[in-house]
Engineer: 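Here you go, one structure.
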Amino acid sequence: QVQLVESGGALVQPGGSLRLSCVASGSVFSYLVMAWYRQQPGKQRELVATITPGSSTTYADSVKGRFSVSREHLKKSVYLQMNSLKPEDTAVYYCNAVPMTDRTREYWGQGTQVTVSS
């Protein structure tokens with residue numbers, strides 16, 4: 001059982017920065033592969049970034065070089081640092097977790113709204 005809570009979404013101007021946080025509870029954080037997804041208006045949910053328990057990362061081409069995902073095990077948290085934000089980054093951002101012990105399961109947070117606009 002995993003509960004995920006995202007925070008940090010806000011209104012930000014183009015070119016600005018924002019850091020999203022996701023706190024995991026109810027399970028062993030060190031066994032979780034974490035990911036950030038986003039859903040832009042009128043589009044399907046898409047994968048933004050992933051990070052393994054060993055801190056290996058992947059990024060979507062659309063955010064590569066601008067976004068950075070990290071995790072802090074003591075805080076059971078994963079972060080998404082977003083720089084050089086563009087209007088097309090506007091979306092609801094979701095935290096996702098998949099346990100290494102059972103990769104058929106997945107868990108989702110409620111989402112946090114990011115709006116990039118001048």
Engineer: Identify the heavy atoms of A24 and L4 that sit nearest to each other, and give their distance.
Structural biologist: CB-CD2, 3.7 Å

Engineer: Would you check, one step at a time, whether the test side chain to side chain contact (heavy atoms under 4.5 Å, CB included) holds for Q81 with S17?
Structural biologist: CA-CA 8 Å; Q81 178 66 47; S17 297; 4.0 Å; yes

Engineer: Could you tell me if the side chain of V48 sits less than 4.5 Å from the side chain of F67, heavy atoms only?
Structural biologist: yes

Engineer: Give the intermediate values and the outcome of side chain to side chain contact (heavy atoms under 4.5 Å, CB included) for residues Q1 and Y107.
Structural biologist: CA-CA 8 Å; Q1 188 68 247; Y107 302 90; 4.2 Å; yes

Engineer: Is the shortest heavy-atom distance from the side chain of I51 to the side chain of V78 under 4.5 Å?
Structural biologist: yes

Engineer: Provide the closest heavy-atom pair for S117 versus P14 in the form atom of the first, atom of the second, distance.
Structural biologist: C-CD, 3.6 Å

Engineer: Among N96, T57, T58, which one satisfies side-chain hydrogen bond (donor to acceptor under 3.5 Å, both in side chains) with T50?
Structural biologist: T58

Engineer: Are L80 and V63 connected in the hydrophobic side-chain network, where two residues link if heavy atoms are under 4.5 Å apart?
Structural biologist: yes

Engineer: Please examine the side chains of V98 and L32, heavy atoms only from C-beta on, and report whether any two atoms are closer than 4.5 Å.
Structural biologist: no

Engineer: Do the side chains of L85 and Q13 get nearer than 4.5 Å, heavy atoms only?
Structural biologist: no

Engineer: If we ignore hydrogens and angles and just use 3.5 Å, is the side chain of R66 paired with the main-chain N or O of S62 as donor and acceptor?
Structural biologist: yes

Engineer: To the nearest 0.5 Å, what is the distance between OG1 on T112 and CH2 on W36?
Structural biologist: 7.5 Å

Engineer: Is the centre of the W108 ring less than 6.0 Å from the centre of the Y37 ring?
Structural biologist: yes

Engineer: Ignoring hydrogens and angles, state whether a donor on the side chain of R38 or Y93 is under 3.5 Å from an acceptor on the partner side chain.
Structural biologist: yes

Engineer: Can you run down the disulfide (SG to SG under 2.5 Å) pairs that involve residues 54-118, sequence neighbours left out, and say none if there aren't any?
Structural biologist: C22-C95

Engineer: Of all residues at least two apart in sequence or in a different chain, which pass the side chain to side chain donor-acceptor pair (under 3.5 Å) check with D61?
Structural biologist: K64

Engineer: When you measure from the centre of the six-membered ring of F29, is the NZ or CZ of R71 closer than 6.0 Å and no more than 45° off the axis?
Structural biologist: yes

Engineer: With side chains defined as the heavy atoms from C-beta onward, is the minimum distance between S77 and S21 less than 4.5 Å?
Structural biologist: no

Engineer: Of all heavy-atom pairs between M34 and A97, which one has the smallest distance, and what is that distance?
Structural biologist: SD-CB, 3.6 Å

Engineer: Take V116 and E88, measure what side chain to side chain contact (heavy atoms under 4.5 Å, CB included) needs, and give me the verdict at the end.
Structural biologist: CA-CA 8 Å; V116 184; E88 51 263 45; over 6 Å; no

Engineer: What are the two closest non-hydrogen atoms of L47 and A60, and how far apart are they?
Structural biologist: O-CB, 3.5 Å

Engineer: Which atom pair, heavy atoms only, marks the closest approach of A49 to Y59?
Structural biologist: CB-CD2, 3.7 Å

Engineer: With a 4.5 Å limit on heavy-atom distance, are the side chains of Q40 and R45 in contact?
Structural biologist: no

Engineer: For residues M100 and P53, report the shortest heavy-atom separation together with the two atoms involved.
Structural biologist: CG-CG, 4.2 Å

Engineer: At what distance, to the nearest 0.5 angstrom, does CD of Q3 lie from NZ of K76?
Structural biologist: 10.5 Å

Engineer: Please evaluate residues M82 and V114 with respect to the criterion side chain to side chain contact (heavy atoms under 4.5 Å, CB included), reporting the C-alpha separation (whole Å), side-chain torsions for both, the decisive distance (0.1 Å), and the verdict.
Structural biologist: CA-CA 10 Å; M82 305 185 294; V114 172; 3.9 Å; yes

Engineer: Would a single hydrophobic cluster contain both V69 and L18, if residues Ile, Leu, Val, Met, Phe, Trp and Tyr are joined by side-chain heavy-atom contacts under 4.5 Å?
Structural biologist: yes

Engineer: Ignoring hydrogens and angles, tell me if any N or O in the side chain of D89 forms a donor-acceptor pair with the backbone of K86 under 3.5 Å.
Structural biologist: yes

Engineer: So which pairs with a foot in residues 44-77 pass disulfide (SG to SG under 2.5 Å), sequence neighbours left out?
Structural biologist: none

